[in-house]
Visitor: 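Before we start, here is the structure in question, set down as C-alpha cells.
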Amino acid sequence: MNSTNLQKNSNEQIHFSSSELFLLEYLEKHIDNIPETSIVKLSELANVSTSTIVRTMKKMGYDGFTSFKHHLKNEQEFNPKFAIIDQVDQKIRKAIMKNEQELTKTIQMLDSGTIEDAIQNIKASNKITIFARGFSEFIAKEMMIKFQLMGKHCELHDDPNIIRSISKKIDKKGIVIFVSLNGETAELVEAANNCNQHSVRTITFTANSQGSLAKLSEITFVGYKSSFSYFPEYEVRSRLPLQIMTRILLDSYAIRMQ
C-alpha cells in the first residue's frame, strides 16, 4: 500500500498499521467532510475503532481528532466547509463563559462574615440536618458525607413528606441546612417555617435572594445563576453556584476544625 499524502506529512520514521493506513487513505479521500464528522461517525464510516483514530492522530503529532480538524481548518482557511469548526468553537466558548461567569460572580458575592457565622453555628450544633430536593440532592449528599467524615452528626432528607415531618421535631441544639436553587420548593419552605416556629437555626444555599427560603433563613448564602439554560424545557438549571458555595463552606469548616 502506497503512502498517502497525509502520511507523508507525518514523521516518515513512524510505522502505521494497516488499519491506520486505511484510515489515512479514507481521510484523504473525504477531507471536505471532516469538519462535520465526529470521531464516532468517522469510526463508523471508515470502519475503524475510535482508539485507532486517536492512535493515528497521535502518531501524526496531534493531541486528538479535534486537534487534527483544527489543523485542517488552518490549512484550508478559504474552504467554507471548515467555517463550521469556528461556529462550534464559539458555542463551546459561550458555554465555558457561562460557567466562568457563574463561578466568578458567586465567589464575589460571598461574604467572609457569613461564612464565619455559619461555621460557628455548625460547630455549636449537636446535629446537622440537610433538606434538599431534585438535582440539589447530589450537592446535599456530598455535604452530608464530608460533615460525617469530619466527625459531625449529619443526616440528609429528600422525601417531601419526611421533610415536613422531621422539620417539626428538630432539637433547638441542632441546625438545618437547606439547599435549593430557586428557594421556593414548597416542602422546603414549609420546613423552614417549622424551624422558625421552634427556634431552630437555619442556613440556606440558594441562587434566589428574594426567595422564601432566603427570607426565612437565619443565615443565607446567595449565588449567581445565569438566566440562560441549555435545557430550557426542563428544570435542570446549573447547580454550579450551589456547589461553589457549599464547597467553600465545607473547606472553611475543615480549616477551623484543624
Visitor: Side chain to side chain donor-acceptor pair (under 3.5 Å) with Glu155: which residues, sequence neighbours excluded?
Guide: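 Partners of Glu155 by the side chain to side chain donor-acceptor pair (under 3.5 Å) criterion, ordered by chain and then number, come out as Lys127, His157.
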
Visitor: What residues form a side chain to side chain donor-acceptor pair (under 3.5 Å) with Ser212, not counting sequence neighbours?
Guide: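 Listed in chain order: Glu184.
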
Visitor: Give every residue pair that meets the ring pair (Phe, Tyr, Trp, His ring centres under 6.0 Å) criterion with at least one member in residues 24-60, sequence neighbours excluded.
Guide: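 Listed by first then second residue: Tyr26-His30.
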
Visitor: Using a side-chain heavy atom cutoff under 4.5 Å and only I, L, V, M, F, W and Y, what cluster partners does Phe131 have?
Guide: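 Ile162, Ile163, Ile166, Ile170, Val176, Phe178, Leu188, Val189, Val200, Leu213, Leu216, listed by chain and number.
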
Visitor: Please tell me if the side chains of Asn182 and Thr206 come closer than 4.5 Å, counting only heavy atoms from C-beta onward.
Guide: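 Asn182 vs Thr206: side chains apart.
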
Visitor: Can you name the residues that form a side chain to side chain contact (heavy atoms under 4.5 Å, CB included) with Lys169, not counting sequence neighbours?
Guide: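 Counting only residues at least two positions away or on another chain, Lys169 forms a side chain to side chain contact (heavy atoms under 4.5 Å, CB included) with Ser165.
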
Visitor: Less than 4.5 Å apart, side chain to side chain, heavy atoms only: is that true for Ile53 and Leu23?
Guide: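 A side-chain contact exists here, since the closest heavy-atom pair is under 4.5 Å.
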
Visitor: With salt bridge (Lys or Arg N to Asp or Glu O under 4.0 Å) as the rule and sequence neighbours excluded, what pairs involving residues 41-52 come up?
Guide: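 As it turns out, the salt bridge (Lys or Arg N to Asp or Glu O under 4.0 Å) pairs with a partner in residues 41-52, which skip direct neighbours, are Lys41-Glu44.
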
Visitor: Mind jotting down which residue pairs meet the salt bridge (Lys or Arg N to Asp or Glu O under 4.0 Å) criterion with at least one end in residues 109-123? Sequence neighbours excluded, please.
Guide: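 As it turns out, the salt bridge (Lys or Arg N to Asp or Glu O under 4.0 Å) pairs with a partner in residues 109-123, which skip direct neighbours, are Glu116-Arg256.
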
Visitor: Could I get the full list of side chain to side chain donor-acceptor pair (under 3.5 Å) partners for Glu142, not counting sequence neighbours?
Guide: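 Once residues adjacent in sequence are excluded, the partners of Glu142 under the side chain to side chain donor-acceptor pair (under 3.5 Å) criterion are Lys146, Arg247.
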
Visitor: Would you check if Lys152 and Gln148 make a side-chain contact, meaning some heavy-atom pair closer than 4.5 Å?
Guide: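 The answer is no, as the side chains (C-beta and beyond) never meet within the 4.5 Å cut-off.
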
Visitor: Please list, chain by chain and in numerical order, all residues satisfying side chain to side chain contact (heavy atoms under 4.5 Å, CB included) with Asn126, sequence neighbours excluded.
Guide: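 Residues passing side chain to side chain contact (heavy atoms under 4.5 Å, CB included) with Asn126: Asp171, Lys173.
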
Visitor: Is the NZ atom of Lys141 crowded by more than 12 outside heavy atoms at less than 6.0 Å?
Guide: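 No - once you tally the heavy atoms of other residues, nucleotides and ligands closer than 6.0 Å, there are 12 at most.
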
Visitor: Any pair with a residue in residues 188-197 that passes side chain to side chain donor-acceptor pair (under 3.5 Å), sequence neighbours left out, goes on the list, sorted by first then second residue, please.
Guide: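 Qualifying pairs: Arg164-Glu190, Ser167-Asn194.
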
Visitor: Is it the case that Ser49 and Thr52 place a side-chain donor and acceptor less than 3.5 Å from each other?
Guide: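 On atom types as modelled, these side chains qualify, holding a pair under 3.5 Å.
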
Visitor: Applying ring pair (Phe, Tyr, Trp, His ring centres under 6.0 Å), which residue pairs with at least one partner in residues 191-219 are found, sequence neighbours left out?
Guide: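 Sorted result for residues 191-219: Phe205-Phe221.
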
Visitor: Do Asn121 and Ile219 come within less than 4.5 Å of each other through their side chains, counting heavy atoms only?
Guide: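 Heavy-atom side-chain distance check passes, below 4.5 Å.
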
Visitor: Excluding sequence neighbours, so at least two apart, what forms side chain to side chain donor-acceptor pair (under 3.5 Å) with Ser19?
Guide: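 Here the qualifying residues are Ser17.
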
Visitor: Indicate yes or no: at least one non-hydrogen side-chain atom of Arg239 is less than 4.5 angstrom from one of Ser136.
Guide: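 Yes. Closest side-chain heavy atoms under 4.5 Å.
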
